Structure formats: C-alpha cells, structure tokens
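Report on the following structure.
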Amino acid sequence: MPSPRYRVGKGLSVDQVRKFLAASEGHRLHALYVVTATLGSRRGELLGLRWADLDLDSGTATIRQTVQRTGGKLHLQDTKTEDSDSVLPLPDWSWLVFPSEIGTPMEPRSLNRHFAARRERAGCPDVRLHNLRHTVVSLPLELDVPPHVVQAIAGHADVKITLKVYSHANLDVMRQALGELDGRLS
C-alpha cells in the first residue's frame, strides 16, 4: 500500500514575516499577528482567549478554548487536542484578547480575509494565516531548539507531527548545512 501524501503548507522566511508585520503595523490586529508569528497559536485559539486566560504577573497565556464556526454560528469549543491545552510564555509587550470591534468573538473568516489583504500588501507569497504556525516550528528548529520544546510550543501531541508536517528546511539552511559538510570533508 502506498504511503499517504499530505499537502502541507510552507512557512514564511524571516524577511517575509518582517515585511508582513510591517504591513500590519498600526492596525488593531497587529498584536495578534505578532503573537501568531512568534507563538504559532492556531487562529481559533487566539480568538478564544479571554482576560481570565492571561496571567500578566507571570507573563503567561493559558490556551483552553477555541472559537469555531459550526452550523452557521460561532461557538466556543475545547481545543483541538488535550496537548493543545497549554500555558505559553508571553512577550513583555503582549496583550492577547482579540474580540471583534464590538466586543463579541471575532469571526474567523474575517481574520482570514484581513490576513490575506495585509499579506498581499506586504508582497508576501500566497499563504494562509495557519502557515505562520509552520514558520514558528521551522525557525526554532533551524536555531537548534530541541524538537520536544518546539513540539510543546506548537501544542502537538506527537513530535512526529512537529517534524514531518510543520518543519520545513529552506534552501539557505540546506546550503549552509552542505557547506559545513563540504568544509569537514575537505
């Protein structure tokens, strides 16, 4: 039986993330994009955060629920898996509650549309908001962060998912690795 082939997204380069974040600066969702690009939280997890989930004294956010559209309505639901329930460190500047402009849960599709418009404005490739999760997994692995730490950040149940589906080697990293190999063999 042939192995299944998964169509997975690619992450963005550091330069592309910088361009995207510059294009979102000044907008009320800028912090959401920075958090997505640094913590890799899922869209629904970010939209499901409440003030009660934040501990500003310890600088953490507890991921407990997600916002999903089902049956034509927005619902607060449990996270994707038990491993998705997590406590994540927050950057010092962070504020993390992202309601709609009228204070209700934000429509996930509206966030997708906003992301796509900002991505185009920044001249970044045609990627989805979710692809920033791939970026958050790939870049720390390139920096030699241990896979089990990256797995915990991403909230994956199995490190195999982190490594097989979410991590992507870019050409610059491959060139560097092959250059180091060539240097040792010379």
Side-chain angles (χ1 to χ4, degrees), residues 3-24 29-49 53 59-68 77-94 96 98 108 111-112 114-116 118-119 122-178 180:
S3 297
R5 293 184 59 124
Y6 299 102
R7 183 183 162 124
V8 296
K10 299 283 185 185
L12 298 175
S13 69
V14 171
D15 188 50
Q16 290 168 331
V17 172
R18 284 186 184 134
K19 286 179 184 175
F20 173 76
L21 292 177
S24 73
L29 294 178
H30 177 72
L32 181 142
Y33 295 132
V34 172
V35 170
T36 301
T38 55
L39 295 181
S41 299
R42 293 174 181 93
R43 175 187 68 178
E45 293 170 350
L46 288 172
L47 299 180
L49 282 170
D53 299 326
T60 60
T62 301
I63 307 295
R64 293 185 175 118
Q65 64 183 10
T66 182
V67 171
Q68 300 293 326
Q77 299 177 335
D78 289 338
T79 56
K80 186 175 178 181
T81 67
E82 283 186 35
D83 291 296
S84 296
D85 287 352
S86 57
V87 177
L88 296 174
L90 297 176
D92 292 337
W93 50 263
S94 222
L96 271 181
F98 305 107
L111 179 57
N112 285 349
H114 185 268
F115 174 79
R118 295 292 165 153
R119 177 192 45 74
C124 291
D126 186 17
V127 295
R128 304 166 298 145
L129 176 65
H130 186 76
N131 292 106
L132 289 178
R133 275 181 64 76
H134 293 253
T135 301
V136 172
V137 168
S138 296
L139 295 180
L141 289 170
E142 289 174 17
L143 297 171
D144 296 323
V145 173
H148 72 281
V149 173
V150 178
Q151 172 195 357
I153 291 168
H156 290 146
D158 190 330
V159 74
K160 291 177 194 171
I161 297 295
T162 306
L163 296 173
K164 183 172 177 132
V165 177
Y166 280 86
S167 68
H168 309 289
N170 68 49
L171 286 175
D172 291 336
V173 173
M174 289 189 279
R175 279 188 188 99
Q176 179 183 353
L178 292 173
E180 288 176 20

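Each residue takes its place number in the sequence, starting with 1. What you see is a predicted model; the values in this text were computed from it and never measured.
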Gap separating the NE2 atom of His148 from the CD atom of Gln151, nearest 0.5 angstrom: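 Those atoms lie 9.0 Å apart.
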Hey, could you give me the CD/CZ distance between Glu45 and Arg64, rounded to the nearest 0.5 Å?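 Answer rounded to 0.5 Å: 13.0 Å.
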Quick one, Leu111 with Tyr33, criterion side-chain contact (heavy atoms from CB on, under 4.5 Å). Give me CA distance, side-chain angles, the key distance, then yes/no. CA-CA 10 Å; Leu111 179 57; Tyr33 295 132; 3.7 Å; yes
I need the minimum non-hydrogen distance between [X] and [Y], along with the two atoms involved.
X	Y	answer
Val67	Pro108	O-CG, 4.1 Å
Ala23	Arg118	O-NH1, 2.9 Å
Ser41	Thr36	O-CG2, 4.1 Å

Going through the checks in order, is the side-chain contact (heavy atoms from CB on, under 4.5 Å) test met by Leu32 and Leu47? CA-CA 9 Å; Leu32 181 142; Leu47 299 180; 4.1 Å; yes
Counterpart residues, side chain to side chain contact (heavy atoms under 4.5 Å, CB included), relative to Asp78 (two or more places apart):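 For Asp78 there are no side chain to side chain contact (heavy atoms under 4.5 Å, CB included) partners, ignoring immediate neighbours.
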Taking the side chain from Gln16 and the backbone from Cys124, do they hold a donor-acceptor pair closer than 3.5 Å?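 No, the answer is negative, given that no donor and acceptor are paired below the 3.5 Å cut-off.
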Please lay out, stage by stage, how Leu132 and Phe115 fare under the test side-chain contact (heavy atoms from CB on, under 4.5 Å). CA-CA 11 Å; Leu132 289 178; Phe115 174 79; 4.0 Å; yes
Under the criterion side-chain contact (heavy atoms from CB on, under 4.5 Å), which of Val87, Leu49, Asp53 is the partner of Ile63?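 So the option named by the test is Leu49.
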Which residues share a side chain to side chain donor-acceptor pair (under 3.5 Å) with Ser24, sequence neighbours left out: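 Testing Ser24 for side chain to side chain donor-acceptor pair (under 3.5 Å), a comparison that skips the adjacent residues, returns His30.
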State which residues pass salt bridge (charged side-chain N to carboxylate O under 4.0 Å, His left out) with Arg119; sequence neighbours excluded, sorted by chain then number.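 Per chain and number, Arg119 pairs via salt bridge (charged side-chain N to carboxylate O under 4.0 Å, His left out) with Asp126.
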Worked verdict on Arg42 versus Arg133 for side-chain contact (heavy atoms from CB on, under 4.5 Å): CA-CA 7 Å; Arg42 293 174 181 93; Arg133 275 181 64 76; 3.4 Å; yes
